[in-house]
Amino acid sequence: MMLTALAITPLTQFPLLLASPGLLWQCAIGVALFLQLVCAGAAGTTQRTIRQVVTADGMQARMQAVSTWLTSGARPVAALLAGGLGTWIGVRPTLVAGTCLLVVPLVVLHRSPLRSLLDMPGSPAVASPSGQAVPPPTPSGPIVPNTAVAEDAQHNHSAEGGP
């Protein structure tokens, strides 16, 4: 799924690179951008699923935070670089460079061990600082509510004339 989505994405740039004024090209660009969003959704969902399966339960939040930080943090930097490059060499050459850069994730994924993955791997155990795997904590004994809070709430209601 990820390879197919990453292979289609650079191809969706061609209407943008070849566009001329006119309604036909506007429609072609709209369809291409829609297809880009579909491919991004398919690749992103598959990628997040694999990341969550191979990440230990105790590290899920950290993994998601780092991933979000990297992708969100790269957008303003990429926009600044694209604007500067577009000003320096022109819009079409910048779009061609961007299209070529869209091939990089495809090549990286194609060369990675994920390409041959047929089944989802198991989630690893969380390792302690000593290197030993530690099972997730389980509560021991019954959970007892804080009776002082319940009594205080009951006292407040009776002082106000409530139940």
Exercise for the section: Not counting sequence neighbours, which residues clear side chain to side chain donor-acceptor pair (under 3.5 Å) with Thr12? List them please. Expected result: Gln36
Fill in the blank from the handout: In this structure, CD of Gln52 is separated from CE of Met59 (nearest 0.5 Å) by 14.0 Å
Practice task
Tell me who clusters with Leu70, hydrophobic residues only, linked when side chains sit under 4.5 Å apart either directly or through other members.
Solution key: Val66, Trp69
Problem - Nearest heavy atoms of Thr46 and Ala42, plus distance in Å - result: OG1-O, 2.8 Å
Exercise for the section: Mark yes or no for whether Gln13, through its side chain, and Val96, through its backbone, hold a donor-acceptor pair below 3.5 Å. Expected result: no
Handout entry: Residue list, side chain to side chain donor-acceptor pair (under 3.5 Å) with Thr68, at least two apart or on another chain
Key = Gln64
Exercise for the section: Can you see which heavy atom on Thr55 is nearest to which on Gln60, and at what distance? Expected result: O-NE2, 3.0 Å
Handout entry: Test side chain to side chain donor-acceptor pair (under 3.5 Å) applied to Ser67 - qualifying residues, sequence neighbours left out
Key = Arg51
Considering only distance and modelled atom types, tabulate donor-acceptor pairs under 3.5 Å from the side chains of residues 99-113, sequence neighbours left out.
from, atom 1, to, atom 2, distance (Å)
Thr99, OG1, Leu95, O, 2.8
Ser112, OG, Leu109, O, 3.0
Ser112, OG, Leu114, N, 3.2

Let me check something: any side-chain donor-acceptor pairs from residues 25-35 under 3.5 Å, sequence neighbours excluded? List them with distances.
none

Side-chain donor/acceptor pairs under 3.5 Å, residues 83-94, sequence neighbours excluded:
from, atom 1, to, atom 2, distance (Å)
Thr87, OG1, Gly83, O, 2.9
Arg92, NH1, Leu17, O, 2.2
Arg92, NH2, Ala19, O, 2.9
Thr94, OG1, Leu85, O, 3.3
Thr94, OG1, Gly86, N, 3.2
Thr94, OG1, Gly90, O, 2.7

Exercise for the section: Could you list who else is in Met1's hydrophobic cluster, with ILVMFWY side chains joined at under 4.5 Å, directly or through other members? Expected result: none
Exercise for the section: Check whether Ile8 and Leu16 end up in the same hydrophobic cluster, where Ile, Leu, Val, Met, Phe, Trp and Tyr are linked by side-chain heavy atoms less than 4.5 Å apart. Expected result: no
Completion exercise
Residues joined to Leu81 in its hydrophobic cluster, side chain to side chain under 4.5 Å directly or through other members, sorted by chain and number, are Val77
